[in-house]
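This report refers to the structure that appears directly beneath it.
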Amino acid sequence: MKKKLLFLALCVATLSQQPLSAQPRKALLNRLSALQTNGYMFGHQDDPFYGLTWEWERGRSDTKEASGDYPAVMGFDLGGIEVGDEKNLDSVPFTRIREELIAHYQRGGIVTLSWHPRNPYTGGTAWDNQDTTVVSSILPGGMQHRKFLLWMKRVRNFLNTLRTVGDRPIPIIFRPWHENNGGWFWWGKGLCSAEEYKALWNCLQDHLLADGLTNIVWSWSPNYGMKDDDFDTYPGDDRVDIIGLDAYQQRNGEEAFIRTLSEDLTRLCDYAKKANRLVALTECGFQNLPDPTWWTRVLKPQIEKFPLSYFLVWRNADHRQYFAPAPSTKDAPDFRKMVKDKKILMLKDIVD
Ligand code: BMA
């Protein structure tokens with residue numbers, strides 16, 4: 001009897017793992033695990049599109065110009081693809097996203113995609129959090145489900161075009177429905193139940209997998225400052241590859257940043273170790289780097305306490321909002337000092 005039960009449990013486990021076991025995904029996961037033994041990859045959102053003093057010029061990168069190398073990881077955002085826009089919410093054409101994504105993969109880099117979809121009920125932005133029925137309205141049986149099917153199809157179509165010249169699918173890390181333990185996005189806390197959130201995650205994942213996509217590594221990325229009940233929205237080990245955390249330091253908030261980050265990463269890493277998942281700081285930073293020693297004095301010592309795959313800082317929109325160094329920023333020397341450490345991995349450190 002016991003043997004029979006064990007066999008049954010194994011079958012169920014294998015079956016439930018099956019949809020996530022496709023090859024390009026597996027290859028990226030293996031690469032991430034191998035790279036983690038070398039150190040921590042640096043990542044930057046929207047790195048090749050614009051910087052503090054330039055826009056859209058091909059071949060440029062604030063990170064490269066400040067430190068001599070491209071980031072190992074580049075992040076791009078799909079917000080707007082769902083409604084058929086030609087440019088994303090930050091005015092980056094999707095054709096350019098595809099071009100730079102393929103270029104970064106071809107040069108040996110790793111790519112992650114976030115998604116700030118519009119509010120399907122009101123047509124507002126991802127931050128339109130006025131209504132608590134949006135998530136339930138797009139789930140199967142809901143009033144907006146048909147519209148959401150089209151939105152998912154557009155995401156699928158884009159992901160499906162991420163291919164090498166030889167037509168091989170390019171593996172990417174996708175982290176939809178992020179920061180859901182905050183209340184600022186329409187899929188966030190207080191705007192849907194834990195069950196609805198998980199149904200939303202499953203709905204998107206099942207659709208993309210049913211459509212035959214084999215290139216997605218899945219990251220669940222709550223915001224730091226996690227409460228016990230935030231874990232109720234964890235989609236499950238069979239649905240998540242990377243447990244991510246988004247964590248920004250606020251002005252005059254160094255102590256709180258260090259304490260909260262440390263608490264959350266301790267907990268997530270403990271869990272991830274048991275569940276054999278990867279952990280990453282899927283977003284982090286200190287806007288406009290008011291402290292020019294932040295990289296080596298605050299961030300690096302925290303990161304090094306944990307087994308993390310990568311840490312990605314947000315975009316250099318302009319002088320009013322930037323997170324990575326540029327040649328002219330005061331933190332650039334400290335950033336260069338940080339990346340001199342063999343454990344901090346830039347592009348050249350991860351290319352075979
Ligand atoms: C936010 C800000 C916004 C941007 C959004 C999506 O954190 O940078 O300006 O539109 O991310 O990239």
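Indexing begins at 1, ligand by ligand and atom by atom, following the structure's order. Source: prediction; values computed, not measured.
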Side chain to side chain contact (heavy atoms under 4.5 Å, CB included) test vs Trp295 passes for just one of Val313, Val339, Ile344, namely Val313
for atom 3 (C) of ligand 1, nearest protein heavy atom and its distance come out as Arg315 NH2, 3.8 Å
Item to complete: Just say parallel, tilted or perpendicular for the rings of Tyr197 and Trp201, cut-offs at 30° and 60°.
Response: tilted
Check: of Phe323, Trp314, Tyr322, Phe76, min heavy-atom distance to atom 7 (O) of ligand 1 comes from Trp314
- Is the Phe335-Phe42 ring centre distance short of 6.0 angstrom? yes
Within the 4.0 Å heavy-atom cut-off, what Asp77 brings close to ligand 1 is neither
Any N or O of Trp127 closer than 3.5 Å to N or O of ligand 1: no
Quick note on ligand 1: atoms under 4.0 Å from a heavy atom of Asp90 include exactly 4 (C), 6 (C), 10 (O), 12 (O)
**Item:** Non-hydrogen atom of Trp115 closer than 4.0 Å to ligand 1
**Value:** no
Q.
Whether Asp318 and Arg320 form a salt bridge (side-chain N of Lys/Arg under 4.0 Å from carboxylate O of Asp/Glu) is what I want to check.
A. yes
So for His116 against ligand 1, with non-hydrogen atoms under 4.0 Å, the contacting part is side chain
Ligand 1 to Gln321, heavy atom cutoff 4.0 Å, flagged ligand atoms 2 (C), 8 (O), 9 (O)
Are the side chains of Phe174 and Val217 in contact, using a 4.5 Å heavy-atom criterion?
no
Q.
Applying salt bridge (charged side-chain N to carboxylate O under 4.0 Å, His left out) to Asp47 and Lys64, what does each step give before you reach the verdict?
A. CA-CA 9 Å; Asp47 189 80; Lys64 187 165 192 267; over 6 Å; no
